[in-house]
There are 2 protein chains.
Amino acid sequence: MDDGEASGGEASGKRTRSKSKPSMFDVAVRAGVSAQTVSRVSMGATNVRPATRDKVLAAMSELGYSPNSAARALRYGTFQTIGVITHKFSRTGESRTVEAIVEAARSAQYTVTLVDVESPVSTEVSDAVTRLSNQSIDGLVIIRAESVTPAMLSIPAGLPVVVSDSRFVGHHPAVGADQLEGSRRAVEHLLGLGHRTVHHVAGPDSSGPSQLRIDGWRAALDQAERPAPPIFRGDWTGRSGYEAGKHIARDTDATAVFCANDETAIGVMHALHEAGRRIPADVSVAGFDDIALAADVWPPLTTVRQDFAQIGERLLELLLRQIRNGERLEDVHETVPVELVVRESTAPPAS
Amino acid sequence: MDDGEASGGEASGKRTRSKSKPSMFDVAVRAGVSAQTVSRVSMGATNVRPATRDKVLAAMSELGYSPNSAARALRYGTFQTIGVITHKFSRTGESRTVEAIVEAARSAQYTVTLVDVESPVSTEVSDAVTRLSNQSIDGLVIIRAESVTPAMLSIPAGLPVVVSDSRFVGHHPAVGADQLEGSRRAVEHLLGLGHRTVHHVAGPDSSGPSQLRIDGWRAALDQAERPAPPIFRGDWTGRSGYEAGKHIARDTDATAVFCANDETAIGVMHALHEAGRRIPADVSVAGFDDIALAADVWPPLTTVRQDFAQIGERLLELLLRQIRNGERLEDVHETVPVELVVRESTAPPAS
DNA sequence: ACAGCGAACGAGAGCGTTTTCATGGACGAC
DNA sequence: GTCGTCCATGAAAACGCTCTCGTTCGCTGT
């Protein structure tokens, strides 16, 4: 047995760390070649004789060798890895964006490391950036760093960054759905059905997307010269929609509600049902996002569809252009179109 | 001046690559100390004079230095990173488990790299494992590798693995909710309300959790000596629940339905509403998972709550025990308790 | 005042890989 | 038959960092 004799004499001194994973050198000894022949095989180089290659391959699988990417990364200066910072990503929009990023990254031969911050405050995000850049990443995607400004973050110089839906626009390239237009279209749809005005249950005060949706709602009302009723503040959750909905249910003038997202809209419908108000006969409700369940709640929810997959793809492409070509894209701000999906939760007012 | 002559002649030739990130040596030159001292400061060692430390710190921030973790990882032999393989993680259960894992990992000073496989077939998962272990991870979490057996995966020898809810039990340590008990309790709840029997809309054929929920449903019916009606096959989506629901709505004998998950249940309710059948007066519906929206759909859904956070924590703990202490835990299979949450979608039959 | 000692810092090796350059051997051309 | 050429392979350096071991100070105790 060659491995026996190889590790028998002085090599056994080195082989002592039998616990750790085999290195290229181990494979080389086993196959009776030199270390960089193993390297050549590992990298799929052409100039190695088939017989040699087979020997090496055999040694690899016998030893269960897999290349140490730390060393490889050290050599190459790249980790083939991008970092994603997100906030509460079990929310639908976030997780679908992340999913798209992961998929796009995979087809570009990158992996994704994920950090989920408790809340999108500066210290949290800044912490996450530090941790992430200590773990080696080639680029960074920040999703909805809503209440954070770039100055707050200690982003290492030269680290490519893209952001989604945040206030970084102008400092880092950004991609986001056309939220203004989406809101406007939802409200116009409701006004077009004959509603005198449209109430709004908004997202949290600190959120950029929330503000955009408010702006779109207000713009549509202004354009139609309708009064803008006071805003209900929510926090994206169904629960907050439910609370707002209880007030709306009491207000018999309210015949149409546009909600900052689908969860909130579903919460509003919950309160309306509970109060015995019919949807859409008494009150029309529209949401935003088009989550998977929007089509299956009762009644099926009219909403604005965001193309999360496309957002994820665009984010990754902008990031890769920075990483691979060194392009500077600070001023780029892409907007991906949205689509109004009319279902049964909206209808002309009964009166 | 040794540093003077060192950097004066040939060292300046080295500095040519001003493009790339500054290294420890650059900082050392700038601060007029050795690379060693920079390392000490970087690691927070105590035996460095405050004045020296300040000089180094200043040099670091002037140069925008951040440590190259490839080199660090190479030296330490660890990336402080774990890999997570999941399938369609924008589904609620998956993403909440991942979220918990990420959080637990963070507090253990680990980061998480994520791979989302298109479908849980062997080639996909196997691919993912390969890619991930090329990326140097210290451990691996596999979430719901439903139709995969361990032999299919080329998991590098010695790589710690934990799995959630899969058929790996017995080969790798596993953590999962007590799905059998959860299903049983949901069905018993419905029978206890006076329903003669309970219909079931199941998950896909290939899924382990789906099978467990079927088993629990059947066990409860058997124990109460009730007939088990034919199963409706779903695929976890609301849409599939809707399709099943259309059949159930036509069957006036059906007064109670237990669904494999909440999305499916919501789809069933959609079909029932559409057919004019009242919930729960005509038909009671129960789900599984307790997703965030379960409380806000109409009527609020009775369901079995899984503690995803705890599952994530336990998974990570089991993984870390393998990584840090080298424990072998193949036979460990933890079950985390579930909780029946009764809301308004279930009630005694009207008759 | 001098040996002894500990603190502060520097020099060098090594982690596992890829890259560059050197070397040996086989083969074809003359 | 000999030389040149190319192909397969090996040796050594380098990537940036941390660890181990020395070395140089400045200080205290007698």
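Below, chain A is the first sequence line, B the second, and so on; all start at residue 1. Any value given below was found using the heavy atoms of this structure, including those in side chains, with hydrogens, waters and symmetry copies removed.
For the pair A:S39 and C:dT18, the criterion of a side-chain N or O lying under 4.0 Å from OP1 or OP2 is met. When the side-chain nitrogen and oxygen atoms of B:T37 are compared with OP1 and OP2 of C:dC9, none of them lie within a distance under 4.0 Å. A close approach under 4.0 Å does occur between a side-chain nitrogen or oxygen of A:R72 and OP1 or OP2 of C:dT18. At C:dG16, none of the side-chain N or O atoms of A:Y76 fall inside 4.0 Å of OP1 or OP2 (strictly under the cut-off). Checking the phosphate oxygens (OP1, OP2) of D:dG16, no side-chain nitrogen or oxygen of B:S23 falls inside 4.0 Å.
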Checklist entry - Please walk me through it: do B:T86 and B:L114 pass side-chain contact (heavy atoms from CB on, under 4.5 Å)? => result CA-CA 8 Å; B:T86 178; B:L114 191 63; 4.1 Å; yes
Item to check | side-chain contact (heavy atoms from CB on, under 4.5 Å) between A:Q80 and A:T111, intermediate numbers included | outcome: CA-CA 6 Å; A:Q80 294 298 102; A:T111 49; 5.7 Å; no
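With C:dC15, D:dT9, C:dT19 as the candidates, the nucleotide lying closest to the side chain of A:Q36 is C:dT19. Listed nucleotides D:dG16, D:dT18, D:dA8 differ in distance to B:M24; the shortest reach to its side chain belongs to D:dT18. Among the nucleotides D:dT9, C:dT19, D:dC17, the one closest to any side-chain atom of A:T52 is D:dT9.
Along DNA chain C, the nucleotide closest to A:M43 and the one closest to B:A71 are compared, and the more 5′ of them pairs with B:A71.
Atoms CG (B:D26) and C1' (D:dG16) sit 10 Å apart, rounded to a whole Å. Rounded to whole Å, the distance from OH on B:Y65 to P on D:dG16 is 10 Å. Summarising the geometry, the separation between CZ on B:F25 and P on D:dG16 is reported as 11 Å, rounded to the nearest angstrom. Between the C1' atom of C:dT17 and the CD atom of A:Q80 lies a distance of 15 Å, rounded to the nearest Å. Atom CZ in B:R53 sits about 13 Å away from atom C1' in C:dC9, given to the nearest Å. For the pair B:N47 CG and D:dG26 C1', the computed distance is 16 Å after rounding to whole Å. Summarising the geometry, the separation between CG on B:L63 and P on D:dG16 is reported as 13 Å, rounded to the nearest angstrom. Rounded to whole Å, the distance from CZ on A:F79 to P on D:dC15 is 16 Å.
Rounding to the nearest 0.5 angstrom, the gap separating the NE2 atom in B:H333 from the CG atom in B:L318 is 11.0 Å.
The shortest non-hydrogen separation linking B:R53 to B:A45 is NH2-O, 2.8 Å.
Taking only distance into account, the side chain of B:R40 meets the base of C:dG10 through a donor-acceptor pair shorter than 3.5 Å. Taking only distance into account, the side chain of A:R75 never meets the base of C:dT17 through a donor-acceptor pair shorter than 3.5 Å.
Side chains of A:S164 and A:R314: a donor-acceptor N/O pair is absent below 3.5 angstrom, by distance only.
Distance alone, capped at 3.5 Å, places no donor-acceptor pair between the A:N325 side chain and the A:E327 backbone.
Counting heavy atoms from C-beta outward, A:L316 and A:I82 have side chains that approach closer than 4.5 Å.
Checking B:L319, B:I323, B:L159 one by one against B:D138, the side chain to side chain contact (heavy atoms under 4.5 Å, CB included) holds for a single residue, B:I323.
Five base pairs at each end of the helix from C:dA1-D:dT30 to C:dC30-D:dG1 define two local axes, and these are offset by 40° (rounded to 10°).
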